[in-house]
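Down below is the structure, laid out as structure tokens.
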Amino acid sequence: MDIVFKVLFTVFFFSLVTQGNCQCPGASALSIVQNRTGKVVANKSQWEVTISNNCVCTQFDIYLACNGFHSVEKYIPQVLFQLRDGRCLVNGYGIVNGHQNFTFTYSWDQEFPFKPLKSRVICS
Ligand SMILES: *[C@@H]1O[C@H](CO)[C@@H](O)[C@H](O)[C@H]1NC(C)=O
Ligand SMILES: *[C@@H]1O[C@H](CO)[C@@H](O)[C@H](O)[C@H]1NC(C)=O
Ligand SMILES: *[C@@H]1O[C@H](CO)[C@@H](O)[C@H](O)[C@H]1NC(C)=O
């Protein structure tokens with residue numbers, strides 16, 4: 001009896017946990033593409049970064065690895081907030097709604113290899 005209860009409880013608990021995650025494993029449900037916009041700012045190429053949330057759920061606390069990132073073009077902290085530890089938080093609290101994109105631009109000689117580090121997922 002006790003064992004059956006425990007098994008049922010475990011199954012129930014795990015189904016809650018998986019539902020809670022919406023089966024979107026954080027940063028792996030984010031993708032980043034970059035393209036030259038064709039503009040030149042202070043003699044540097046302008047790049048457009050598109051962060052796509054490939055999950056139906058909202059992701060927040062989206063941090064990118066951005067150690068050594070520079071831009072001659074000013075970007076506001078609400079768009080990209082560069083921390084001293086080599087991480088950048090995007091779009092204020094790092095929020096991108098389900099199946100939406102967030103884009104920003106910067107200008108530098110080369111493309112900077114932004115990588116998603118981590119995010120948290122909210123399911124409604
Ligand atoms: C943007 O760059 C990606 C690869 O980084 C490429 O697959 C895509 O076609 C480009 N999009 C445009 C509009 O140039
Ligand atoms: C502009 O950039 C190019 C290539 O990065 C460089 O060769 C050139 O000297 C630069 N021009 C100025 C005015 O800084
Ligand atoms: C998000 O960006 C990707 C890659 O550039 C594009 O294929 C997709 O259509 C965009 N989605 C929205 C909702 O704009």
Side-chain angles (χ1 to χ4, degrees):
M1 268 307 249
D2 197 30
I3 296 238
V4 170
F5 177 75
K6 271 185 191 159
V7 167
L8 281 181
F9 179 78
T10 308
V11 168
F12 175 70
F13 181 75
F14 275 103
S15 68
L16 276 188
V17 169
T18 359
Q19 232 174 14
N21 282 331
C22 279
Q23 287 151 345
C24 338
S28 65
L30 290 170
S31 56
I32 298 182
V33 296
Q34 299 195 45
N35 294 91
R36 276 179 205 266
T37 63
K39 287 193 202 153
V40 173
V41 178
N43 200 33
K44 311 278 186 202
S45 303
Q46 188 184 54
W47 305 87
E48 183 178 69
V49 183
T50 302
I51 302 171
S52 305
N53 178 354
N54 303 317
C55 174
V56 70
C57 302
T58 298
Q59 298 194 52
F60 68 107
D61 268 356
I62 296 174
Y63 284 97
L64 309 181
C66 66
N67 197 17
F69 170 69
H70 298 285
S71 174
V72 290
E73 185 182 356
K74 291 283 167 257
Y75 49 90
I76 56 170
Q78 285 78 9
V79 170
L80 189 73
F81 185 75
Q82 193 168 14
L83 289 96
R84 289 183 181 182
D85 62 2
R87 295 179 303 158
C88 285
L89 186 63
V90 296
N91 197 16
Y93 296 102
I95 298 174
V96 181
N97 289 329
H99 291 306
Q100 297 298 309
N101 293 337
F102 175 71
T103 63
F104 65 91
T105 57
Y106 66 93
S107 300
W108 199 245
D109 293 320
Q110 308 91 25
E111 177 175 341
F112 184 85
F114 288 107
K115 291 275 180 302
L117 271 182
K118 68 157 198 121
S119 73
R120 295 203 275 159
V121 172
I122 332 171
C123 295
S124 49

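Computed from a prediction, not measured in an experiment: that's the story for all the values here. Just so you know, these numbers use all the heavy atoms, side chains as well, and skip hydrogens, waters and symmetry mates. In listed order, ligands and their atoms are each counted from 1.
Residue Asn35 has at least one heavy-atom neighbour below 4.0 Å for each of these atoms of ligand 1: 1 (C), 2 (O), 3 (C), 8 (C), 10 (C), 11 (N), 12 (C), 14 (O). Close contacts of ligand 3 with Val33, meaning ligand atoms under 4.0 Å from a residue heavy atom, involve 5 (O). Atom numbering of ligand 3 starts at 1 in the shown order; those under 4.0 Å from a heavy atom of Thr50 are 2 (O). Below 4.0 Å from some heavy atom of Gln34 lie the following atoms of ligand 1, by number and element: 1 (C), 2 (O), 5 (O). Below 4.0 Å from some heavy atom of Ser52 lie the following atoms of ligand 3, by number and element: 1 (C), 2 (O), 3 (C).
Remark: of the listed residues Phe81, Phe114, Trp108, Phe114 is the sole one forming a ring-ring contact (aromatic ring centres under 6.0 Å, His included) with Phe69.
Using modelled atom types, one finds a donor on one side chain and an acceptor on the other under 3.5 Å when comparing Thr37 with Gln46. Side-chain polar atoms of Asn101 and Thr50 form no donor-acceptor pair below 3.5 angstrom.
Ligand 3 has no N or O atom lying under 3.5 Å from any N or O atom of His99, backbone or side chain.
Separation of atoms CD (Gln59) and OG (Ser52) is listed at 10.5 Å; rounding is to 0.5 Å.
Among residues at least two apart or in separate chains, side chain to side chain donor-acceptor pair (under 3.5 Å) pairs with a member in residues 80-92 are Tyr75-Gln82, Asp85-Arg87. Under the disulfide (SG to SG under 2.5 Å) criterion, the residue pairs touching residues 72-101 are Cys66-Cys88, with sequence neighbours excluded.
Considering only residues two or more places apart in sequence or on other chains, Arg36 meets the salt bridge (Lys or Arg N to Asp or Glu O under 4.0 Å) condition with none of them.
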Distances under 3.5 Å, N/O of ligand 2 against N/O of the protein: list each pair and its distance.
residue  : atom   : partner : partner atom : Å
ligand 2 : 2 (O)  : Asn43   : OD1          : 3.4
ligand 2 : 2 (O)  : Asn43   : ND2          : 2.4
ligand 2 : 11 (N) : Asn43   : ND2          : 2.7
ligand 2 : 14 (O) : Asn43   : ND2          : 3.2

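Nearest heavy atoms, Val72 versus Ala42: CG2-CB, 4.0 Å.
Val79 places a side-chain heavy atom less than 4.5 Å from the side chain of Phe102.
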